[in-house]
Undergrad: 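This is the structure, below, for whatever I ask next.
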Amino acid sequence: MLELFGMFVLALAPIIWLVIALCGLHMEAYLASLGALVVAAVCAALGWAMTPVNMATAALEGFAMALWPIVIVIIAAVFTYNLTVHTGAMETIKRMLCSVSADRRVLTLLIGWCFGGFLEGMAGFGTAVAIPASMLMALGISPVTAILACLIANGVPTMFGSIGIPTTTLASITGIDVVQLSTVQAIQVFPFVIACPILMVALVGHGRQALRGMLPISLVSGVSFAACLLLAGHFIGGELPDVVASVVSLVLTFAVALRMHKSGVEVPEKYRLVAGANDDAPAESVVDKLRAWAPFALIFVVLLATSKLVPFVNEPLSAIKSTVNIYAGDPEATLTFSWVNTPGVLIFVCGIAGGLIQRCAPREMLGVLGATCRQMSKTIVTMLGVLACAKIMGYSGMIASISAFFVAALGGFYPLVAPLLGALGTFVTGSGTSSEVLFGNVQLHAAQSIGVNETWLVASNSLGVSAGKMLSPQNIAIGCAACGLTGKDGEILGKIAKYAFGFAAVMAVIVYVGSLVL
């Protein structure tokens with residue numbers, strides 16, 4: 001047992017380094033991630049005898065995965081936003097949104113929660129943080145608050161993100177029926193979905209007093225989203241819950257917001273956005289308004305049209321791909337690059353098309369793209385370091401050692417840490433799908449060993465992903481890059497930690513009690 005504990009501590013070293021570097025030393029994320037990569041490499045060599053060739057190819061696979069599809073998505077999303085700012089269309093969008101409500105709390109629900117949930121359901125890979133956070137910042141909400149709100153919102157939809165890839169992957173590797181699994185996932189995450197809009201309102205309003213008069217619309221946003229997750233998961237499966245839930249929540253929240261606005265509900269001065277009071281702005285025509293929203297409307301339509309919901313479009317586009325083996329230690333470990341039907345490429349196309357619609361010259365677009373790449377340079381390095389570190393930890397056996405210690409040490413109390421493993425996997429990789437791959441079978445075997453309901457314990461891994469996604473250095477770096485706060489990752493991590501740890505503690509109790517009852 002002592003040896004198992006020693007391997008457990010050694011395996012945690014890269015994660016411990018990340019926390020110390022970001023929160024204690026206030027190191028920039030790109031330096032911290034490169035340091036974590038070095039720590040992981042040293043630990044893998046010393047504790048798990050990973051060969052230099054295997055280590056190098058594992059890191060190379062991480063680099064490749066970081067660049068495609070993650071970095072391409074981030075650059076595409078931020079480029080689209082920057083282009084909208086450059087053309088002046090963002091000012092039109094601000095005025096339109098403030099015509100529905102000048103209340104920053106309401107707009108946070110509409111953009112950060114509802115629209116962000118849709119982006120996560122359709123695309124994932126950081127788009128649900130980058131685009132809504134930058135839009136909220138443009139509306140006058142402070143960058144830190146905008147990022148924190150979107151990090152809270154982005155956690156709970158992750159299990160059904162990217163047309164359900166995390167859930168369908170988990171069902172595939174564990175052999176559990178996907179409908180049964182998605183139903184249990186929706187049940188477990190239900191209270192957290194309801195809590196998120198309430199927490200977001202309190203956050204942007206700087207305290208619980210911000211909930212005064214806002215609890216009804218917050219509950220409409222949360223309850224409708226949670227109920228639709230459960231209904232879609234039970235009757236359809238893992239692919240559509242986020243898409244259905246976000247659209248229904250958006251429609252209902254918009255209706256309540258419009259009713260509040262038309263009924264003359266007074267917005268307290270401290271929650272009122274300045275943009276809402278700009279009466280001297282020239283009146284835009286319907287064409288101007290459509291032109292302003294063009295990039296985001298195109299993203300909505302194109303992501304929907306190329307998703308699995310439209311198989312005759314999705315299948316031929318998805319067939320344009322390359323599958324390669326990079327990691328030398330396992331010829332079966334392959335990485336697939338989808339060259340067309342990947343969110344980054346599609347968002348780039350939509351952004352360029354939207355720019356043309358907004359009458360932006362190609363030369364100006366190139367200038368915006370160059371500025372975006374410079375803005376994102378440190379974030380790209382962060383992505384490379386984090387993903388390479390995750391691949392070394394996974395292939396070397398470090399992740400397996402972490403889970404083995406928990407199973408051996410806790411026995412029947414293992415369900416208390418089951419969601420924490422899901423959170424840990426997402427913290428390291430930034431991906432809900434990767435966390436399911438790393439720990440899905442660990443949860444299944446643990447359930448079989450201690451005699452608890454298999455579906456309940458396997459689903460708890462996805463539940464933990466919700467907390468881990470908030471804390472993920474990758475996700476935080478995306479938000480900081482989108483809002484021009486590169487280098488503030490440690491500050492954001494420190495502020496979001498209380499929400500993530502609070503979620504994780506409640507999740508542990510729910511999973512443990514459920515394991516006793518079922």
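The first residue of the sequence shown is numbered 1, and numbering continues consecutively from there.
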Undergrad: Are the side chain of Ser396 and the backbone N or O of Ile392 linked by a donor-acceptor pair below 3.5 Å?
TA: yes

Undergrad: Walk me through it: do Tyr499 and Leu203 pass the test side chain to side chain contact (heavy atoms under 4.5 Å, CB included)?
TA: CA-CA 11 Å; Tyr499 298 99; Leu203 174 68; 3.5 Å; yes

Undergrad: Can you name the residues that form a salt bridge (Lys or Arg N to Asp or Glu O under 4.0 Å) with Arg105, not counting sequence neighbours?
TA: Asp103

Undergrad: Name all residues meeting the salt bridge (Lys or Arg N to Asp or Glu O under 4.0 Å) criterion together with Lys378; count only those two or more places apart in sequence or in a different chain, and write none if there are none.
TA: Glu28

Undergrad: Nearest 0.5 angstrom please: Ile111 CD1 to Ile141 CD1, how far?
TA: 7.5 Å

Undergrad: Given 3.5 Å as the limit, does a donor-acceptor pair link the side chain of Asn154 with the main chain of Ala128, or not?
TA: no

Undergrad: Around atom CZ of Phe254, are there more than 12 heavy atoms from other residues, nucleotides or ligands closer than 6.0 Å?
TA: no

Undergrad: Over all heavy atoms of both residues, which pair between Met55 and Ala44 is shortest? Give the atoms and the distance, please.
TA: CE-CB, 4.4 Å

Undergrad: When rounded to the nearest 0.5 angstrom, what distance separates SG in Cys228 from CG in Leu252?
TA: 7.5 Å

Undergrad: Using side chain to side chain contact (heavy atoms under 4.5 Å, CB included) as the criterion, list what pairs up with Lys321, not counting sequence neighbours.
TA: Thr336

Undergrad: Would you indicate whether the side-chain heavy atoms of Leu369 and Met365 approach each other to under 4.5 Å?
TA: no

Undergrad: Which atoms form the tightest heavy-atom contact between Ala257 and Val106, and what is the distance?
TA: CB-CG1, 3.6 Å

Undergrad: Counting only N and O atoms by type, is there a donor-acceptor contact under 3.5 Å from the side chain of Thr57 to the main-chain atoms of Ala328?
TA: yes

Undergrad: Might you point out which heavy atoms bring Leu83 and Gly351 nearest each other, and give the distance in Å?
TA: CD2-O, 3.3 Å

Undergrad: Kindly state each residue pair satisfying side chain to side chain donor-acceptor pair (under 3.5 Å) with at least one member in residues 362-376, sequence neighbours excluded.
TA: Asn82-Thr372, Asn82-Gln375, His86-Glu364

Undergrad: Does the Ser142 side chain pair with the main chain of Thr145, one donor and one acceptor, at a distance under 3.5 Å?
TA: yes

Undergrad: Side-chain contact test, heavy atoms from C-beta onward, threshold under 4.5 Å: evaluate it for Met398 versus Met50 and give yes or no.
TA: no

Undergrad: Could you go through the side chain to side chain contact (heavy atoms under 4.5 Å, CB included) check for Leu109 and Met214 one step at a time?
TA: CA-CA 11 Å; Leu109 292 178; Met214 285 295 297; 4.2 Å; yes

Undergrad: Hey, what do you get for CD1 (Ile492) to CG (Leu471), rounding to the nearest 0.5 Å?
TA: 12.0 Å

Undergrad: Donor-acceptor check, side chain of Glu61 to backbone of Leu335, threshold 3.5 angstrom: yes or no?
TA: no

Undergrad: Kindly say whether Thr108 contributes a backbone atom to a donor-acceptor pair with the side chain of Trp113 at under 3.5 angstrom?
TA: no

Undergrad: Passes side chain to side chain donor-acceptor pair (under 3.5 Å), Ser221 versus Thr253? Steps please.
TA: CA-CA 6 Å; Ser221 289; Thr253 304; 2.6 Å; yes

Undergrad: Which heavy-atom pair separates Leu485 from Pro143 by the least distance, and what is that distance?
TA: CD1-CB, 3.5 Å

Undergrad: Could you go through Thr84 and Gln358, starting from their C-alpha distance and side-chain angles, then the distance that decides it, and tell me whether this counts as side chain to side chain donor-acceptor pair (under 3.5 Å)?
TA: CA-CA 8 Å; Thr84 307; Gln358 292 172 2; 4.6 Å; no

Undergrad: Can a donor-acceptor pair be found, under 3.5 Å and without considering hydrogens, that links the side chain of Thr382 to the backbone of Tyr30?
TA: yes

Undergrad: Is any side-chain heavy atom of Met135 less than 4.5 Å from a side-chain heavy atom of Phe115?
TA: yes

Undergrad: Any side-chain donor-acceptor pair under 3.5 Å between Ser322 and Trp339?
TA: yes

Undergrad: How would you list, by chain and number, every residue that makes a side chain to side chain contact (heavy atoms under 4.5 Å, CB included) with Ala76, sequence neighbours excluded?
TA: Ile347, Phe348

Undergrad: Is there a side-chain contact between Lys495 and Val144, using heavy atoms and a 4.5 Å cut-off?
TA: yes

Undergrad: Could you tell me the separation between the CD1 atom of Ile147 and the CG atom of Asn475, rounded to the nearest 0.5 Å?
TA: 10.5 Å

Undergrad: Within a strict 4.5 Å, meaning less than it, do heavy atoms of the Arg291 and Arg359 side chains meet?
TA: yes

Undergrad: What distance separates Ile326 CD1 from Met65 CE, expressed to the nearest 0.5 Å?
TA: 8.5 Å

Undergrad: Please answer whether the main-chain N or O of Ala56 pairs with a side-chain N or O of Asn54 as donor and acceptor at a distance below 3.5 Å.
TA: no

Undergrad: For a quick test of reading the model, state the closest non-hydrogen atom pair linking Ala388 to Phe63 and the distance between them.
TA: CB-CE2, 3.6 Å

Undergrad: Can Thr80 and Cys350 be said to form a side chain to side chain contact (heavy atoms under 4.5 Å, CB included), step by step?
TA: CA-CA 8 Å; Thr80 300; Cys350 294; over 6 Å; no

Undergrad: Could you give me the CA-CA distance, side-chain angles and deciding distance for Leu199 and Phe503, then say whether side chain to side chain contact (heavy atoms under 4.5 Å, CB included) is met?
TA: CA-CA 11 Å; Leu199 292 174; Phe503 270 40; 3.5 Å; yes

Undergrad: Look up atom CG in Leu37 and atom CG in Leu387, then write down how far apart they are to the nearest 0.5 Å.
TA: 11.0 Å

Undergrad: Flag the pair Phe337 / Thr342 as yes when at least one side-chain heavy-atom distance between them is below 4.5 Å, and no otherwise.
TA: no

Undergrad: As a test of understanding, state which of Val156, Thr158, Ile152, Thr426 forms a side-chain contact (heavy atoms from CB on, under 4.5 Å) with Ser466.
TA: Val156

Undergrad: Do Leu384 and Leu34 come close enough that some side-chain heavy atom pair is under 4.5 Å?
TA: no

Undergrad: For Asn341 and Ser338: C-alpha separation, side-chain torsions, deciding distance, then whether side chain to side chain donor-acceptor pair (under 3.5 Å) applies.
TA: CA-CA 6 Å; Asn341 199 21; Ser338 182; 5.7 Å; no

Undergrad: Are Met27 and Trp17 close enough that some pair of their side-chain heavy atoms sits under 4.5 Å apart?
TA: yes

Undergrad: Please report the shortest heavy-atom distance between Arg104 and Lys270, naming the atom on each side.
TA: NH2-O, 3.5 Å

Undergrad: Any sub-3.5 Å donor-acceptor pair from Asp288's side-chain atoms to Ser285's backbone N or O?
TA: yes

Undergrad: Side chains of residues 295-305: which donor-acceptor partners sit under 3.5 Å, not counting sequence neighbours?
TA:
none

